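Before any comments, here is the structure.
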Amino acid sequence: MHEVPSSSDHVGGGQQPAAPAVPEPPFAERTRTLVHLGRVGTLSTRLAKHAGAPFGSVAPYGVDAAGNPTLLISRLAVHTQNLLADPHASLLVTQPGWDEDPLAGARATLVGRVDPVGEADRAAVRDDYLGRHENARYWVDFGDFAFYRLSVEALYYVAGFGAMGWVEADAYRAAAPDPLADAAAGIIAHMNADHADAMLLYCRAFANLAADAATMTGIDRMGMRIRATVGERLQGVRINFPQDVRTALDARKVLVAMVQQARAAIPR
């Protein structure tokens, strides 16, 4: 696996000195988290005609126990006809809910081959898929629809500006989604809505950054990412927790303790 890490993102104001790297979860774990949180990707297949040109399709997906995306597709669809002729494909998954600069959001491209799901796995795949896509119950039993699975052979992950790399398929399969993945959006929304002052304290005490404004943009078991405004410059900073956090309650306790620590450390 080759990762190009970045501890901070700088936007505007010219080149900034590189800050020491702050540890983050490995790309394999972050990719598993992204695929777990996502619901829809872009499926790229090779056209059975037009000289095998790439063909992109909107693709709602599920995820099996090994992190392989699953698809419910009709044999009448162009992408299914393409797969029947050549099963090699990729699925692009982008960060759900990201509405800022698209190049600053996380995304992953999963590469492999797509084959029909065997009967032994069909029930589990069906349950997971319908749990993610309730409306699919209206057509899941139509005769032309069937479940397929993209068996991941290679992955390329981009965390945002300056942080990207290939991920070994075995490392991806061995990883698990971040334990805060399902709670992260709620934590971020709460902190940004009700605790803007805490964000400034975090920046000053733990990143030595006197920010004029700060917004939490991400949180995981190891720490948080904050986008800070310093004058006319935007800067992304990584601030880690003192220990791994596994639940939303534990995250709250750590965030409160860090505010108390920051207040004690900053001269009044």
Side-chain angles (χ1 to χ4, degrees), residues 6-13 19 22-25 29-30 32-40 93-108 132 134 158-163 177-268:
S6 172
S7 62
S8 60
D9 302 319
H10 302 280
V11 182
V22 179
E24 300 188 51
E29 179 179 334
R30 291 156 77 178
R32 279 297 296 263
T33 301
L34 175 61
V35 174
H36 166 77
L37 291 173
R39 294 293 183 271
V40 180
V93 179
T94 58
Q95 184 173 338
W98 184 260
D99 56 4
E100 299 183 39
D101 186 335
L103 296 180
R107 61 268 194 195
R132 289 168 169 264
E134 179 68 25
V158 181
F161 291 120
D178 186 89
L180 295 183
D182 293 322
I187 295 171
I188 293 169
H190 170 68
M191 292 299 294
N192 288 335
D194 299 335
H195 300 290
D197 55 337
M199 238 56 74
L200 298 176
L201 285 169
Y202 296 146
C203 288
R204 187 172 178 187
F206 302 111
N208 194 29
L209 187 67
D212 301 311
T215 302
M216 183 183 289
T217 58
I219 187 169
D220 55 62
R221 63 180 176 85
M222 292 177 64
M224 56 184 154
R225 289 190 68 85
I226 292 176
R227 178 167 292 181
T229 303
V230 184
E232 296 183 353
R233 177 165 54 91
L234 281 177
Q235 179 173 339
V237 294
R238 170 80 183 181
I239 299 173
N240 272 9
F241 299 139
Q243 70 271 341
D244 262 19
V245 172
R246 314 297 296 185
T247 69
L249 178 59
D250 287 343
R252 180 182 183 279
K253 292 177 180 178
V254 166
L255 289 167
V256 170
M258 289 176 71
V259 167
Q260 295 170 345
Q261 181 182 348
R263 286 174 176 160
I266 297 173
R268 293 176 179 268

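Predicted model, so just to flag it, every value in this text is computed and none were measured.
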I219 and A184 have their tightest heavy-atom pair at CG2-CB, 3.7 Å
Taking every heavy atom of G160 against every heavy atom of R107, the minimum-distance pair comes out as CA-NH1, 4.3 Å
Verdict with supporting geometry, F241 and R221, side chain to side chain contact (heavy atoms under 4.5 Å, CB included) | CA-CA 8 Å; F241 299 139; R221 63 180 176 85; over 6 Å; no
Closest non-hydrogen contact found for L209 with A228 is CD2-CB, 3.7 Å
Residues passing the ring-ring contact (aromatic ring centres under 6.0 Å, His included) test with H190, sequence neighbours excluded, are H195
| said: Quiz question: by atom type and distance under 3.5 Å, do the side chains of H36 and D182 form a donor-acceptor pair? | reply: yes
| query | Are D220 and T33 close enough that some pair of their side-chain heavy atoms sits under 4.5 Å apart? | reply | no
query: Are side-chain heavy atoms of I187 and L255 found at a separation under 4.5 Å?
result: yes
Review point. Under 3.5 Å, side chain of N192 to main-chain N/O of T215, donor-acceptor pair present?
Key: no
Less than 4.5 Å apart, any side-chain heavy atom of P23 and any of R238? no
In short, A198 meets M191 closest at the heavy-atom pair CB-CE, 4.4 Å
**Prompt:** Are R225 and E24 close enough that some pair of their side-chain heavy atoms sits under 4.5 Å apart?
**Reply:** yes
CG of D178 to CG of L180, rounded to nearest 0.5 Å, is 5.0 Å
The single option from M258, K253, Q260 that satisfies side chain to side chain contact (heavy atoms under 4.5 Å, CB included) with V256 is Q260
- Beyond-backbone contact of P96 with R39, side-chain heavy atoms, under 4.5 angstrom: no
When rounded to the nearest 0.5 Å, the distance separating CZ of F206 from CD of Q261 is 4.0 Å
Output for pair (L34 CG, T94 OG1), nearest 0.5 Å, gives 7.5 Å
query = Would you say the side chain of E29 lies within less than 4.5 Å of the side chain of M222, judging by non-hydrogen atoms?
reply = no
Spell out, as yes or no, whether a donor-acceptor pair under 3.5 Å connects the side chain of R246 to the backbone of D244.
no
Do Q243 and V254 have side chains that approach each other closer than 4.5 Å (heavy atoms only, starting at C-beta)?
yes
| message | So for atom CG, which belongs to D194, do other residues, nucleotides or ligands contribute more than 12 heavy atoms lying within a distance under 6.0 Å? | response | yes
I226 and C203 have their tightest heavy-atom pair at CG2-SG, 3.8 Å
Rounded to the nearest 0.5 angstrom, the CZ-CD distance for R227 and Q235 is 11.0 Å
Closest non-hydrogen contact found for A210 with V230 is O-CG1, 4.0 Å
Requested in this report: Mark yes or no for whether R204, through its side chain, and Y202, through its backbone, hold a donor-acceptor pair below 3.5 Å.
Outcome: no
Residues passing the salt bridge (charged side-chain N to carboxylate O under 4.0 Å, His left out) test with R252, sequence neighbours excluded, are none
